[in-house]
Amino acid sequence: MRTKFRGLMHREALLFEGENGWAEWSPFLEYEDDEARIWLQAAIDQGFGPKREVGEVKLNATLPAVNGEQIAQVLAMFPGMDTIKIKVAEKGQTIEQDLDRITTVRILKPEAKLRLDANGGYSVEQALRVAEEVGELDYFEQPCATIGELAELRARLHGATRIAADESVRKVEDPMAVVYAGAADVLVLKAQPLGGVTRALEIARECGLPVTVSSALETPIGIHAGLTFASALGGTTAHGLGTLFFFERADIFNNEVLASEERREWWLERLKRCFI
Ligand SMILES: [Mg+2]
């Protein structure tokens with residue numbers, strides 16, 4: 001990775017060739033087998049499920065919780081993107097730093113649509129303050145951690161800012177819980193954690209809300225699955241699949257990025273446990 005993202009400096013993935021071409025299985029290393037098994041269903045769906053085409057997909061830029069000169073440097077990695085997602089509520093940072101970052105982006109990219117992503121890091125009161133101070137947003141993604149807090153915030157905002165649910169869709173058994181609770185205007189869906197594109201498309205249709213497709217920091221192979229998902233949804237919204245920009249090296253068919261023998265064994269063991 002070029003900069004630390006989700007606490008990571010490198011990413012590991014198992015890639016295999018299925019009937020449809022290459023497929024990716026890349027649950028994060030700390031995940032238990034139960035969770036990794038759902039991601040494996042996604043990989044199998046990619047390799048052997050319905051074959052899907054990719055059309056034109058618009059992407060958003062993502063700005064990690066950096067400050068100062070780094071903001072312009074990161075934005076320069078996303079030329080031509082007119083929707084910018086700004087990470088806020090990073091541990092160890094203040095709301096003032098978040099507001100400064102947002103102001104800087106507004107100055108640098110006055111035409112851009114802005115999204116904020118707090119990864120559940122704000123209280124309802126903090127999220128309200130930020131929403132009120134920053135002005136118009138495309139949406140505010142996972143401002144608070146729980147579905148109850150999101151519903152409360154959304155009620156108190158009276159439609160002034162759209163709320164998007166990300167972690168609340170991924171980490172609950174029932175992805176529709178957030179919809180029934182009236183906790184979101186937009187859903188952020190990732191294909192791998194939902195068990196693949198086929199399942200994710202069903203959820204997208206069932207929820208009746210606008211959907212933004214986002215990556216789970218996959219290699220180009222997993223990103224391709226995300227692009228087929230976004231293409232099948234149609235529409236013109238920008239999706240969060242531009243994460244290859246965060247890799248120093250994403251040329252996965254180059255031997256230099258092959259895992260060591262030891263890591264390969266670890267993944268094959270994990271695969272044996274999860275493939276049931
Ligand atoms: Mg998010």
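Both backbone and side-chain heavy atoms feed into the values below; hydrogens, waters and symmetry mates do not. Both ligands and their constituent atoms are indexed starting at 1 by order of listing.
- In this structure, Glu56 places its CD atom where only 12 or fewer heavy-atom neighbours from other residues, nucleotides or ligands lie under 6.0 Å away.
- Rounding to the nearest 10°, we obtain 90° for the angle at the Mg ion (ligand 1) between Glu141 OE2 and Asp166 OD2.
- Note: Trp22 and Phe253 meet the aromatic proximity criterion, with ring centroids under 6.0 Å apart.
- A tilted orientation is assigned to the rings of Phe245 and Phe78, their planes being inclined by 30° to 60°.
- Minimum-distance N/O/S atom of Asp117 relative to the Mg ion (ligand 1): OD2.
- At a cut-off of 2.8 Å, Glu167 is not counted among the residues with an N, O or S atom near the Mg ion (ligand 1).
- No hydrogens or angles considered: a donor-acceptor pair under 3.5 Å links the side chains of Glu167 and Asn119.
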